[in-house]
Amino acid sequence: MQVVYHDVIIVGAGLAGLRAAVELAGKQDVAVLSKLHPLRSHSGAAQGGISAALGNAEKDSPEWHAYDTIKGSDYLADHYAVQVMCNDAPRAIIELEHLGVPFSRFNDGRIAQRPFGGHTRNFGEAPVRRTCYAADRTGHVCLHTLYEQSLRKSVSFYDEYQVLDLCRAEGFVNGVVAIELKTGRLVMFHARAVMFATGGYGKAWKTTSNAFANTGDGLGIALDNGIPLQDMEFVQFHPTGLYQLGILITEAARGEGGVLRNGKGERFMERYAPSIKDLAPRDIVSRSIYEELRDGRGAGSMKDHVLLDLTSLSREKIAEKLPEIESFAKIYLGIDPSDVPIPVLPTCHYAMGGIPTDVNGRVTLDAQGKEIPGFWAAGEVACVSVHGANRLGSNSLLDLIVFGRRAGKDINRFLDRVCLAPLPLATDSADRVRGMIESFMGRSAGETVASVRIDLQKVMMDRVSVFRDEQGLSDAVEKLAVLQERAAGIRVSDQSRSFNTELLEAIELQHMVNYSKVVALSALKRRESRGAHGRDDYPLRDDAAWLKHSLCFLEENGEVRHTEKPVDLSLASSRAEFVPKERTY
Ligand SMILES: Cc1cc2nc3c(=O)[nH]c(=O)nc-3n(C[C@H](O)[C@H](O)[C@H](O)COP(=O)(O)OP(=O)(O)OC[C@H]3O[C@@H](n4cnc5c(N)ncnc54)[C@H](O)[C@@H]3O)c2cc1C
């Protein structure tokens with residue numbers, strides 16, 4: 001098998017991976033592997049913006065930003081990590097601008113900022129304009145800029161290589177096994193440092209805003225290697241997905257003045273969040289939408305959705321600030337949002353949980369912060385944790401940029417200090433991967449990938465979405481055990497080597513069933529409602545029992561082992577504002 005060496009292997013060419021690569025380029029020999037062309041990474045789909053207390057539109061401060069992030073997380077985010085992110089945000093934006101990101105501007109030339117859900121001034125007083133943007137194509141311009149910078153700095157790219165496993169030696173991570181999509185051959189990448197930036201996993205749900213590639217491979221590979229996942233029960237449903245499609249309509253539509261209405265035309269968020277209304281955090285808005293539907297106040301003949309009303313915005317404003325949204329509504333629903341409200345429903349959007357890391361991206365294995373040397377993670381695949389039980393809009397792009405850079409810096413420090421030659425590469429993971437591929441392709445009978453995946457997406461959508469309860473979650477855990485077995489027994493009928501997407505999807509499916517089981521089991525264990533985790537049978541938050549992170553391992557027999565980890569509440573000891581309390585908006 002071919003072996004390729006680079007000092008650093010970064011898996012994932014979204015914003016987190018590219019930001020780390022730009023940091024390391026010129027200092028270390030760095031390569032980025034991606035199963036997609038880098039510019040097809042989901043980061044490029046980010047619409048609404050990136051938060052930072054620049055104070056360009058009105059007075060603002062990183063402390064208010066930290067307060068909103070912690071309150072928005074329903075008090076589950078780690079305080080120090082949030083402080084690191086919010087304090088670094090203004091610098092990170094200026095840096096992006098200097099790298100070439102064409103942000104939208106105010107008339108006086110400064111970077112423009114708009115309101116976004118849950119971002120307020122003066123500890124919750126009123127919405128604040130904190131989110132920087134480039135129309136509604138913010139992720140697109142950031143991704144292009146960082147890709148250009150990576151090319152300029154001669155980062156090596158391996159596009160269309162799908163990583164299938166980690167290589168480990170003497171407790172260190174020292175490489176990955178990947179399949180080259182064009183040829184179907186396996187390649188081992190040998191390195192002194194490996195970083196995962198493989199993004200989110202919304203594809204395990206039926207209705208999602210996520211790209212097809214968001215199958216959570218990094219999470220599945222971590223579980224296979226005895227690495228735990230943290231806070232997986234917290235999965236965000238964005239309130240405004242296009243009805244029946246799930247395609248995202250950015251929160252910026254409400255930031256720019258759009259409002260949600262029920263079937264009676266009422267602006268119902270006034271009842272649920274009297275002070276910030278439609279700009280409440282996403283968990284609250286999504287739950288409010290479902291309560292309207294439950295009470296029979298939905299829109300349309302089926303009363304099964306609500307409406308996002310942009311008709312009070314001028315046509316010029318929509319064209320200037322929300323051009324993508326306008327075209328989505330026209331292309332997918334055949335309506336002009338200047339004239340007609342857009343039918344919407346919540347859509348599975350963002351994973352708060354992931355591979356646990358410290359603020360420097362180092363992957364940690366337990367509540368004491370024990371590290372696994374040689375391995376870093378950043379971006380949506382990681383859980384630092386800055387989003388806790390619910391992420392605020394525009395805080396993810398910030399997370400990618402801040403913690404992608406920090407991971408890059410930390411890898412650089414690590415490599416400068418540890419001057420050792422790379423540890424020899426063990427071949428056991430390559431053997432494991434080869435065995436798995438041969439068994440999928442060698443079978444004469446077995447289910448198809450699609451039939452198992454459809455059932456998985458249905459279980460997760462029906463039982464493990466916005467409303468959850470003991471019975472539904474227990475049922476999901478049982479069904480997922482069966483799905484694990486069914487997924488292991490599928491048959492890949494396509495025997496070709498080049499671009500064998502059936503084989504690649506079969507491998508992705510193994511990851512999907514494994515981490516879905518972790519999501520369902522940690523949701524079953526958490527007998528409270530917090531942020532995006534809403535339990536009908538335990539409707540209140542229970543800080544006495546559950547102000548803690550969950551940390552789950554996958555055992556060799558496929559069972560999930562659930563453990564816990566304390567939340568860092570360090571800011572609460574000095575500031576009353578940061579002490580957990582009931583969330584009202
Ligand atoms: C429609 C949409 C709009 C959004 N809008 C906003 C917004 O306005 N503001 C905001 O803050 N957040 C937004 N988000 C969230 C944010 O965009 C994501 O959380 C973020 O882009 C994730 O970035 P990432 O770098 O972690 O991974 P991604 O950008 O998802 O990239 C993942 C990378 O990993 C690679 N990869 C994955 N698996 C493998 C494998 N097995 N082998 C090799 N490569 C692999 C992929 O090829 C890809 O390059 C939005 C999300 C969506 C879906």
Side-chain angles (χ1 to χ4, degrees), residues 9-21 32-52 114 116-117 131-140 142-143 146-147 157-166 176-181 189 195-203 208-221 236 238 240-242 246-252 255 282 324-325 328 347-352 354-355 377-382 387 391-401 403-404 504 507-508 511:
I9 295 292
I10 297 174
V11 185
L15 282 177
L18 293 185
R19 183 62 194 82
V32 176
L33 273 61
S34 173
K35 66 178 178 177
L36 306 167
H37 185 275
L39 295 175
R40 291 196 164 273
S41 303
H42 191 66
S43 293
Q47 302 169 356
I50 173 166
S51 56
R114 58 170 46 136
F116 241 70
T131 297
C132 312
Y133 58 95
D136 54 0
R137 301 185 183 113
T138 315
H140 178 90
C142 291
L143 192 64
L146 285 182
Y147 185 53
F157 278 93
Y158 293 83
D159 300 345
E160 300 187 329
Y161 279 73
Q162 185 157 330
V163 170
L164 309 179
D165 208 347
L166 285 176
V176 298
V177 184
I179 182 168
E180 186 188 23
L181 307 197
F189 287 85
M195 173 178 161
F196 268 15
T198 50
Y201 53 89
K203 271 291 158 192
T208 177
S209 66
N210 281 201
F212 278 89
N214 287 14
T215 48
D217 304 359
L219 301 164
I221 295 172
Q236 178 171 80
H238 191 294
T240 59
L242 282 184
I247 295 170
L248 192 77
I249 300 292
T250 171
E251 198 168 286
R282 293 172 178 173
E324 292 282 306
I325 296 318
F328 287 172
T347 181
C348 180
H349 182 60
Y350 183 84
M352 271 73 74
I355 300 175
E380 195 170 336
V381 72
H387 309 303
R391 170 174 75 82
L392 293 188
S394 68
N395 265 358
S396 169
L397 292 188
L398 178 62
D399 166 3
L400 311 174
I401 297 301
F403 293 106
L504 301 171
I507 295 167
E508 289 168 351
H511 304 313

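Computed from heavy atoms alone, side chains included, the values below leave out hydrogens, waters and symmetry copies. Counting from 1, the numbers follow the sequence of the chain as shown. Start at 1 and go down the list; that is how both ligands and their atoms are numbered.
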K.L.:
Hey, which residues fall under 4.0 Å of ligand 1 on heavy atoms?
P.N.:
Val11, Gly12, Ala13, Gly14, Leu15, Ala16, Leu33, Ser34, Lys35, Leu36, Ser41, His42, Ser43, Ala45, Ala46, Gln47, Gly48, Gly49, Tyr161, Gln162, Val163, Ala197, Thr198, Gly199, Ser209, Asn210, Asp217, Leu248, His349, Tyr350, Gly379, Glu380, Arg391, Ser394, Asn395, Ser396, Leu397, Leu400
K.L.:
Side-chain contact test, heavy atoms from C-beta onward, threshold under 4.5 Å: evaluate it for Asn210 versus Tyr350 and give yes or no.
P.N.:
no
K.L.:
Answer whether the closest heavy-atom distance between the side chains of Tyr158 and Ser34 falls below 4.5 Å.
P.N.:
no
K.L.:
Salt bridge or not for Lys35 and Glu508, using N-O below 4.0 Å?
P.N.:
yes
K.L.:
May I ask you to check whether Phe212 and His42 place their ring centers less than 6.0 Å from one another?
P.N.:
no
K.L.:
Exactly one of Asp159, Val176, Ile10 should register a side-chain contact (heavy atoms from CB on, under 4.5 Å) with Leu33. Which one does?
P.N.:
Val176
K.L.:
Side chain to side chain contact (heavy atoms under 4.5 Å, CB included) for Phe328 and Gln47? Distances and angles first, verdict last.
P.N.:
CA-CA 12 Å; Phe328 287 172; Gln47 302 169 356; 3.4 Å; yes
